[in-house]
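By convention in this document, chain letters (A, B, ...) are assigned in the order of the sequence lines, proteins followed by strands, and residues within each chain are numbered from 1.
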There are 2 protein chains.
Amino acid sequence: MKNRLKSLRAERGWSQVDLAERLEVSRQSVIAIETGRYDPSLPLAFKIAELFDLAIEEVFTSPSKES
Amino acid sequence: MKNRLKSLRAERGWSQVDLAERLEVSRQSVIAIETGRYDPSLPLAFKIAELFDLAIEEVFTSPSKES
DNA sequence: TAGCCATGTAAAGGTACCTTCACATTGATG
DNA sequence: CATCAATGTGAAGGTACCTTTACATGGCTA
């Protein structure tokens, strides 16, 4: 499942450590999500979307809509 | 994490089996989500929202916004 | 009453998510 | 060159998600 986390983070000039701290998760979780190793849980997806002031659908691409 | 799955399903007159088949998951998964035993994965949350033609935020309540 | 449908609990197995620790690579700066 | 920040991989442990199977309950109906 694709996501825009890496570019959203970059837009704000945040490091992975910065983002992990804001989300209150480990840096490994940030890496795993950014690199597509796995999807976040739904609660974490909410937290991510709220951090960037976006809808979940604006951060993550629905599996049914991936090219 | 709260959700409106049970009432959305009831509005359409679907049984848990009906819903499980439409979502292509087991009935146990439907029960677990409806009864709040656990949250769906993000891909399943997308599928649920799309089935009801709603945004994820309209089906599930953000943990940060629960009473 | 007997049978069916809908809902629910329980348990066990597999995979996904999240953690911590360790180590490697790259690029910028002293 | 030495060091530090940032990013990444790998492994191991715990919990969450999803599955299948089995069984229990309540409501409806023949």
Side-chain angles (χ1 to χ4, degrees):
Chain A
M1 182 164 189
K2 297 177 183 174
N3 69 74
R4 305 203 296 122
L5 192 54
K6 191 165 185 170
S7 62
L8 287 170
R9 176 175 63 79
E11 284 174 10
R12 284 156 183 76
W14 295 342
S15 70
Q16 291 176 338
V17 169
D18 293 332
L19 179 56
E21 287 174 351
R22 288 170 194 269
L23 294 174
E24 296 177 292
V25 296
S26 69
R27 186 173 66 93
Q28 289 310 308
S29 292
V30 170
I31 291 175
I33 296 166
E34 283 193 356
T35 59
R37 292 217 311 118
Y38 53 68
D39 300 320
S41 66
L42 186 54
L44 181 51
F46 263 98
K47 204 163 186 176
I48 292 169
E50 287 167 4
L51 177 61
F52 292 108
D53 204 27
L54 294 170
I56 289 179
E57 289 84 353
E58 294 174 311
V59 181
F60 301 91
T61 302
S62 167
S64 70
K65 291 174 182 165
E66 285 179 10
S67 54
Chain B
M1 181 165 189
K2 297 177 182 175
N3 70 74
R4 305 203 296 123
L5 192 53
K6 191 165 188 171
S7 61
L8 287 170
R9 175 175 64 79
E11 285 173 9
R12 284 155 183 77
W14 296 341
S15 71
Q16 290 175 339
V17 169
D18 292 333
L19 179 56
E21 287 175 350
R22 288 170 194 270
L23 295 173
E24 297 177 291
V25 296
S26 70
R27 186 173 66 96
Q28 288 312 308
S29 291
V30 169
I31 291 175
I33 295 166
E34 283 192 358
T35 59
R37 293 216 309 117
Y38 53 69
D39 300 321
S41 65
L42 185 55
L44 181 51
F46 263 99
K47 205 164 186 175
I48 292 169
E50 287 167 5
L51 176 61
F52 292 108
D53 204 27
L54 294 171
I56 289 179
E57 289 84 353
E58 293 174 312
V59 180
F60 301 91
T61 302
S62 168
S64 69
K65 291 173 183 166
E66 284 177 12
S67 56

>> Under the salt bridge (charged side-chain N to carboxylate O under 4.0 Å, His left out) test against E34(A), which residue among R4(A), R9(A), K6(A) passes?
In response: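 For E34(A), the salt bridge (charged side-chain N to carboxylate O under 4.0 Å, His left out) check succeeds only for R9(A).
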
>> Just so I know, are the side chains of I33(B) and L44(B) near enough to count as touching, which here means a heavy-atom distance under 4.5 Å?
In response: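 Yes, at least one pair of side-chain atoms sits under 4.5 Å.
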
> Counting N and O atoms only, with roles assigned by atom type, does the side chain of Q16(A) sit under 3.5 Å from a partner on the main chain of V30(A), one being a donor and the other an acceptor?
Replying inline: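 It does not hold such a pair.
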
> Has the side chain of D39(A) got a donor or acceptor atom that lies under 3.5 Å from a matching backbone atom of P43(B)?
Replying inline: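 Side chain of D39(A) to backbone of P43(B), a donor-acceptor pair under 3.5 Å: no, none is there.
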
Just how far is it from atom [atom1] of [X] to atom [atom2] of [Y], taken to the nearest 0.5 Å?
X	Y	atom1	atom2	value
S62(B)	I56(A)	OG	CD1	8.0 Å
T35(B)	L5(B)	OG1	CG	10.5 Å
F46(B)	S41(B)	CZ	OG	11.0 Å

>> Can you see if the side chain of S26(B) gets near the phosphate of dT19(D) - specifically, an N or O under 4.0 Å from OP1 or OP2?
In response: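 For S26(B), the contact criterion (side-chain N or O under 4.0 Å from OP1 or OP2 of dT19(D)) is met.
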
>> So, OP1 or OP2 of dG8(D): does either fall under 4.0 Å of a side-chain N or O from T35(A)?
In response: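 Result: no.
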
[X] [atom1] - [N] [atom2] separation (whole Å):
X	N	atom1	atom2	result
N3(B)	dC17(D)	CG	C1'	15 Å
E34(A)	dC17(C)	CD	P	16 Å
L5(B)	dC18(D)	CG	P	12 Å
L19(B)	dG8(C)	CG	P	12 Å
E21(A)	dA6(D)	CD	C1'	14 Å
I33(A)	dT19(C)	CD1	P	9 Å

> Ignoring hydrogens and angles, does a donor from either the side chain of Q28(B) or the base of dT9(C) sit under 3.5 Å from an acceptor on the other?
Replying inline: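 Per atom types, the contact qualifies.
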
>> With side chain to side chain contact (heavy atoms under 4.5 Å, CB included) as the criterion, how do L8(A) and W14(A) come out once you've worked through the C-alpha distance, each side chain's angles and the decisive distance to 0.1 Å?
In response: CA-CA 9 Å; L8(A) 287 170; W14(A) 295 342; over 6 Å; no

> So which of residues 38-46 of chain B are in contact with DNA chain D, with a heavy-atom cut-off of under 4.0 Å?
Replying inline: Y38(B), D39(B), P40(B), S41(B), L44(B)

For residues 17-25 of chain A, please give each side-chain donor-acceptor pair under 3.5 Å, one per line with the distance, not counting sequence neighbours.
unit_1 : atom_1 : unit_2 : atom_2 : d
D18(A) : OD2    : S15(A) : N      : 2.9
D18(A) : OD2    : S15(A) : OG     : 3.2
E24(A) : OE1    : K47(A) : NZ     : 2.6

Using atom names, set out every protein N or O paired with an N or O of nucleotides 3-7 of chain C below 3.5 Å, distance rounded to 0.1 Å.
unit_1 : atom_1 : unit_2 : atom_2 : d
dT7(C) : OP1    : R9(B)  : NH1    : 2.9
dT7(C) : OP2    : Q16(B) : N      : 2.8

> Start at the 5' end of DNA chain D and walk down; is the nucleotide closest to R37(B) or to R37(A) reached first?
Replying inline: R37(A)

